[in-house]
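A quick write-up on the structure given underneath.
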Amino acid sequence: MKPLNLTEQILSEHLVGGAALPEAGTPITIKIDEAFTQDATGTMAMLQLEAMGVERVKTLAVNFVDHSMMQSGFRNPDDHEYLRSVSKRLGIIFSPPGAGICHFLNIENFVKPGMTGVGADSHTVNAGGMGAIYFGAGGYDVAFAMATGEYTLPMPEIVKVHLTGSLQPGVQAMDVILKMLSIVGVKGGKGKIFEYGGPGTASLSLSERATITNMGAEMGASTSIFPSDERTREYLASREREQDYRPLAADEGARYSDTIEIDLDQLEPLIALYPSPGNVERVADHVGTKIQQVCVGSCTNSSYENIASFGEQLKGKRVAVDTLLYPGSRAVAIMMANSGYLGSLFTSGVRVLENGCGACIGQGGSPPSKSVSLRTFNRNFPKRSGTPDAQVHLVSPAVAAASALTGEISLPKESLPFKQEPQVVDTQSFQMPIPADEAAKVEVVRGPNIMPLPDFEPLPDVLEGEVLLKLGDNISTDDIQPAGIYLPLRSNVKEYAMQATFTMVDQTFAERAVAHRDGGGHGFLIGGENYGQGSSREHAALCPRWLGVRCVIVKQFARIHVANLVNFGIVPLTFANADDYDRVTQGAHVSLKTGDLDGELALSVDGQEISLVPAFGKKDIPTLKAGGALALFKTTH
Ligand code: MIC
Ligand code: SF4
């Protein structure tokens, strides 16, 4: 038998309707073991699941609440109650606010080596630390996976990351993934799975591995994976889940499309400078830069180990700047209390906040104007912090601790061993599924924040209208559809679109778009490379669609966003010749024949034609023609 790498082993085990894995780029459908959402994507996913007429989900399914937890006003609590009741109704586990960040809870409680999963959040790939294959996807695709137990994606290329050596004092897992970002860049991971291996892997704990796979999302990768080995067994045993262990590794002689070598011995502390996780430099070159804020947490760096290593460096000392800390889960918070770090962090002047996403998604914790904030998070896109002119840089917990003490970017002087603490199992807060006959009687609670889904018409044979906005490279979904203060509007498409879409780029966008739409025009957007990078939020497609956008033409798309555009009936196209980007101006009157979507298309701009290539696959054509995935689902199921 041909030797298989780990990814091929797991994908082959889960392949639907096919004997062998195809060439990279060809669509594959796999059986999904787990599908989950979080509250900011979950309400929309659940509304779609209900609209599909699903009575009970087919996979292990979880709805987590971790993003939108401010509860200032009825909106967040309405969303939570809707999620709680719809979960009960459809056989989904519900994880209430306070239990922790979805990716943490997932790895602590649900993911097993060898499983497959999709989650309505780009950092779902975190689960790769457990030797599982998990993908981030839009809410519709996750709802579809819950309904059918399947997910389709282009077969990725598999790249080996060969690790040797071990991390030296003051260097942490965050530095490994920042090193990867410095090699691969923010779009270099597109269409790839990074499979870690080599002798260096054994030195990394499960939570260190999860930090690395988590932030693979920032390279645009489909996902990342570590082998399942003795360290995995240790972790599962410590969480009373040893029965879930299964050893998994690539076969001897397995093949990869490429190999990246990283010698952990040679790594040094790194920093991703504002405004991109890909702007990686040596911390040593920025020592002495004044900072005004430090934030520790996010799904990347809020494990017990992360926080304990941070706490140990601060012990007996006071922080020099405003320092905020978000534990990854309630279990982590309890371990902090048990180990004594919670008390010492308070004594050091740290503001310990709720177990959740918090400042990472701009739910509080915004830094002052024109300040510098050092964060252990995974994203530092412009304005994501909520303060338009603040700069956010990304670092490891060790660099965050050294810098919090001095008030300037500092290197960790020493590496202090932190106190080990037995794992805490905290599953009591989950609302588990009830039997189907009882579930069928549950009434779903829809407060005034839960608005019905909009209906969208099918694709006309000609799209004709204005280029509403011309954008540059690396436009993130935070630029398209910001989160932060707008998160409570996630269940109300009209309000979210009117108040937030492209507001960071052009305050007049929503009103212009609606006027154009109501005048019968079809909206077009033009963009550069890596359009739609970052989060999986389908609202970055859904809200523009509501505003009348029907076609997005760019040099290159990020993977999850292009799937979301298709799901909401927006035609995603790329320039056949990237230089043609310069030939289309904002405000131009354009038209596109969409009768035949199979093959090259021509955009007519002021009497001239520009060649365009579909960024969607053949299998997406019926979805686009129907005006979106839900419309198609209703006609075919
Ligand atoms: C993010 O980090 O941007 C988010 C918020 O977790 C998103 C999901 C969302 O927008 O709800 C993600 O990464 O997919
Ligand atoms: Fe939450 Fe931030 Fe992780 Fe997104 S990146 S899931 S907002 S902690």
Side-chain angles (χ1 to χ4, degrees), residues 36-45 63-69 76 79 83 95 97 100-107 118-127 134-139 141-142 177 210-211 213-218 220 223 277 295-303 306 324-329 332 353-365 375-386 392 394 476-491 496 500 532-543 558-561 563-564:
F36 73 86
T37 78
Q38 37 84 350
D39 52 320
T41 53
T43 53
M44 206 42 73
N63 284 326
F64 295 95
V65 177
D66 54 0
H67 279 64
S68 224
M69 306 207 295
N76 294 161
D79 283 0
L83 287 173
S95 170
I101 305 177
C102 52
H103 309 302
F104 255 89
L105 294 172
N106 207 31
I107 228 168
V118 284
D121 191 283
S122 58
H123 292 103
T124 300
V125 294
N126 190 69
Y134 272 57
F135 301 101
D141 286 329
V142 173
I177 188 61
T211 294
T213 54
N214 174 292
M215 228 177 138
E218 274 53 66
T223 192
C295 294
V296 177
S298 90
C299 52
T300 311
N301 278 306
S302 57
S303 65
N306 294 142
L324 287 69
L325 183 142
Y326 301 83
S329 67
V332 170
L353 291 122
E354 198 170 11
N355 323 313
C357 301
C360 179
I361 194 56
Q363 287 281 287
R375 300 179 163 202
T376 68
F377 304 168
N378 45 39
R379 290 187 173 146
N380 55 352
F381 298 140
K383 304 178 189 171
R384 182 172 161 106
S385 70
V392 173
L394 310 174
S476 75
T477 50
D478 278 301
D479 296 316
I480 304 170
Q481 199 62 35
I485 54 166
Y486 303 109
L487 272 185
L489 299 177
R490 285 281 172 105
S491 312
Y496 195 19
Q533 69 163 331
S535 115
S536 68
R537 67 190 68 144
E538 62 188 344
H539 295 82
L542 170 55
C543 292
R559 178 185 75 87
I560 305 178
H561 187 59
N564 287 336

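In listed order, ligands and their atoms are each counted from 1.
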Is the closest side-chain heavy-atom distance between [X] and [Y] below 4.5 Å?
X: Pro277; Y: Leu394; result: yes
X: Tyr496; Y: Ser491; result: no
X: Ser385; Y: Arg375; result: yes
X: Phe381; Y: Gln533; result: yes

Within the protein, residues bringing a heavy atom under 4.0 Å of ligand 1, chain by chain: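 The answer is Gln38, Ala40, Thr41, His67, Asp121, Ser122, His123, Ile361, Arg379, Arg384, Arg490, Ser535, Ser536, Arg537, counting any residue whose heavy atom sits under 4.0 Å from ligand 1.
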Salt bridge (Lys or Arg N to Asp or Glu O under 4.0 Å) against Arg379, all qualifying residues, sequence neighbours excluded: Glu218
Spatial distance of atom CZ (Arg490) from atom SG (Cys543) [nearest 0.5 Å]: 8.5 Å
Spacing of OG belonging to Ser536 relative to CZ belonging to Arg559, to within rounding of 0.5 Å: 9.5 Å
Tally, protein N/O/S atoms nearer to atom 3 (Fe) of ligand 2 than 2.8 Å: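 Every protein N, O or S atom under 2.8 Å from atom 3 (Fe) of ligand 2 counted, the figure is 1.
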Ser303 vs Asn306, side chain to side chain donor-acceptor pair (under 3.5 Å): CA-CA, chis, key distance, verdict: CA-CA 5 Å; Ser303 65; Asn306 294 142; 2.9 Å; yes
Carboxylate-amine/guanidinium contact Arg537 Asp478, below 4.0 Å: yes
Under 4.0 Å to a heavy atom of His67 - the qualifying atoms of ligand 2, by number: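 This gives 1 (Fe), 4 (Fe), 6 (S), 7 (S) as the contact atoms.
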Residues that His123 engages under ring-ring contact (aromatic ring centres under 6.0 Å, His included), provided they are two or more places apart: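 Counting only residues at least two positions away or on another chain, His123 forms no ring-ring contact (aromatic ring centres under 6.0 Å, His included).
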